[in-house]
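Convention: sequence-line order gives letters A, B, ...; per-chain numbering from 1.
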Number of protein chains: 2
Amino acid sequence: MAARTGGQGGKQPTINDVAALAGVSKKTVSRVINRSEFISEKTRLAVQKAIETLGFVPNPQARALAFRRNFLIALLHDNPNAQTVLNFQQGVLDAIKDSDLALLVRPVDRGSDKMLDDVRTFLEKQRPIGAMLLPPISENDELARLCEDLGVRYVRVGSALLDDAKHCVSSNDREVVGEAVRRLIALGHRRIGFVRGPAGFRSAAEREKGFREALAEAGLRLADEHYAPGNYRYTAGIEAGEKLLSLAEPPTAIFCSNDEMAAGVMSVAHGKGIAVPGQLSIIGFDDSPTATHIWPTLSTVRWPIREMGVRAARTLVADFLGPSARIPDGESPVLASTFVERQSVAPPAGKA
Amino acid sequence: MAARTGGQGGKQPTINDVAALAGVSKKTVSRVINRSEFISEKTRLAVQKAIETLGFVPNPQARALAFRRNFLIALLHDNPNAQTVLNFQQGVLDAIKDSDLALLVRPVDRGSDKMLDDVRTFLEKQRPIGAMLLPPISENDELARLCEDLGVRYVRVGSALLDDAKHCVSSNDREVVGEAVRRLIALGHRRIGFVRGPAGFRSAAEREKGFREALAEAGLRLADEHYAPGNYRYTAGIEAGEKLLSLAEPPTAIFCSNDEMAAGVMSVAHGKGIAVPGQLSIIGFDDSPTATHIWPTLSTVRWPIREMGVRAARTLVADFLGPSARIPDGESPVLASTFVERQSVAPPAGKA
DNA sequence: CGTCTAAAAGACACCGGTGTCAAAAGCAAG
DNA sequence: CTTGCTTTTGACACCGGTGTCTTTTAGACG
């Protein structure tokens, strides 16, 4: 492997080269790079020109060392939904686009008992300025404590207000689930089934809460037989579908705590010859690609994951992103999810 | 924001602290860190102990500066399939797990005319050791040239042999598409439709080639009316389905160049009351999550994306990964894709 | 025109490691 | 006990930037 470190066949210019060309000291060049105010316009322009002539780009490692701080932020995730991770990541990148920051992405195995050690090693080795924790690991308090101990800033992303606005970004899932369920009720549905997310996940608990509240408002209650546990996976949707759709009086609508499980329920309906949405309405959650790739297309709740990425980054490192990224004091860390109605929802049979 | 740079309330120990505690020079500590062979066992153990006592972790920025090389590799992608990106990423992380390397992830907007500039800026700023290019941007020769010019190693990941084994990792898509098509033919299908990927994508061309070759082997040919263009998106699948399934004599099987388009075709079939697989067999490509989330589940081609991630990383930075990562000379850079048969394939109507 | 002050620029150490080369230590042979 | 060699260790410069403090310069004022 060639030992070249870059440049069209030569070495990258350094701050010394720029200083020599501009006829100033390297410290002055440094001031220009860092937009110091104590510099005359004339000098600034001369240095600027030298920088451009040479195509100088400051070495981030050297800066990191001198600043005693690198320009990395980390995204820690263990989300089963790849699209979610990537959308969030895109939001973060939108936010840091014009800054000096770069993004390190780090999948985490929440099942592993070495998880905390792994993360600790990672953080100690890379020493990012801050870390963003995606659900479900954002719900892990030990992880947050670890960041705190290591002096790494952190932001937890979740579906419920976890902490304070400084360490948290979330969306109003509970309310929007309620909205979706009210829509079903307005269409005439009375027997509405529910497929839950995994135990111990705050998101799952929130969605269930929103569901139950909306039912209660309308004077309905969730029959035990219309309740199915789940784990956010397709196969859990299959099992839930088998359970709910084999009942003597099956529900006329089913709310599933995510799209994958909704797709599973829909498969079972197809297999049993139950028309969707004619005989069964289905609602999911996530607005994953699957939601528009199945037939009929799935009504679902879209959470503003990309915007949450932007917000998380701003919450974490507003001081690196320029004034436009500043989040006004007291601004709520809760972003709005929306109910997206598609083909999978209709009035119950006999109510057209 | 507190100015702490880490550690349980204090500063991180440096190499000097270790040297002082062990009673040696910092250079000796450096030798231990870097597993130099010119060091006595006695000294090594003493230094080792000091390192552990202090919980010393070398500062990666300082090392990067002194080594004149950082320990980052970059993953550049613009893949519409998030799962693919994440799986590949996981493979890369598997490969670099026990090394000093870290992974930078960088989405690229291939539509933008500033794309090359963006990537150049990124590479100049971060100066990763190497970059991995995922399809479709791996097919961009200018991008590869840019890496070359900047002295950044690169590996192109793709569905066809793009270059030489040093810069390329791919899978044998063409052959496996042939296998899938031969399976359809063996089941009795004679009118087999084809939905193509976007023009200018090598992957699309490869898949078409495999398809046509298999037909030709069996003495069949692709009727023009059974051919539909596409762009790898769901909506293109819808359009293709509308076209192919409105024919007086529609195909009894359709090969789609990816799963999303297959899902679109399947939706159209459902809408028209055409039973899948009873009246129409469908095959996709990618084995994306969608493939198992639709009903009936989709037969498809799975490419070994995670293994390709491992291989790409090893190809790129074998010299950083220890002897077990070494790729034997002459080993083929082509990994095996596999045909996965699921519910969406059956003999044509009347041939059961 | 000299004095005073604030703004601008520079000198030099330093961040935490590694490379180079010379010095010290260990050891066998004379 | 030297000598001569190899192995091990250390001193010191250096990577490419920034922080601190000092010096120089420019402008205001008497």
NA contact type, [X], heavy-atom cut-off 4.0 Å: base, sugar-phosphate, or nothing?
X	result
A/V24	sugar-phosphate
A/E41	nothing
B/I39	sugar-phosphate
A/N34	sugar-phosphate

Any [X] side-chain nitrogen or oxygen under 4.0 Å from OP1 or OP2 of [N]:
X	N	value
B/S40	D/dT9	yes
B/R68	D/dG16	no
A/T14	D/dG16	no
A/T28	C/dG10	yes
A/S25	C/dA9	no

Interatomic distance, [X] [atom1] vs [N] [atom2] [rounded to whole Å]:
X	N	atom1	atom2	result
A/R63	D/dG19	CZ	C1'	14 Å
B/N16	C/dC14	CG	C1'	11 Å
A/L65	C/dC15	CG	C1'	4 Å
B/R127	D/dG16	CZ	P	9 Å
A/K42	C/dA7	NZ	P	18 Å
A/I33	D/dG16	CD1	P	13 Å
A/K125	C/dG16	NZ	C1'	17 Å
B/I51	C/dG16	CD1	C1'	14 Å

CA sep, side-chain torsions, deciding dist, call: A/D109, A/S112, side-chain hydrogen bond (donor to acceptor under 3.5 Å, both in side chains): CA-CA 6 Å; A/D109 179 4; A/S112 161; 4.8 Å; no
Side-chain heavy-atom pair A/F88, A/Q90 within 4.5 angstrom cut-off: no
Do [X] side-chain and [N] base share a donor-acceptor contact under 3.5 Å?
X	N	answer
A/R31	D/dG19	no
A/K27	D/dG17	no
A/K26	D/dG17	yes

Side-chain donor or acceptor of A/N81 paired with backbone N/O of A/Q83 under 3.5 Å: yes
B/R63 charged N/C atom sitting above B/F71 aromatic ring, 6.0 Å / 45°: yes
Derivation and outcome, side-chain contact (heavy atoms from CB on, under 4.5 Å), residues B/I129 and B/L72: CA-CA 6 Å; B/I129 299 171; B/L72 262 25; over 6 Å; no
Option from A/V317, A/V105, A/L103, A/T315 for which side chain to side chain contact (heavy atoms under 4.5 Å, CB included) with A/M132 holds: A/L103
DNA chain D: 5'-proximal contact among B/G23 and B/A66 (nearest heavy atom): B/G23
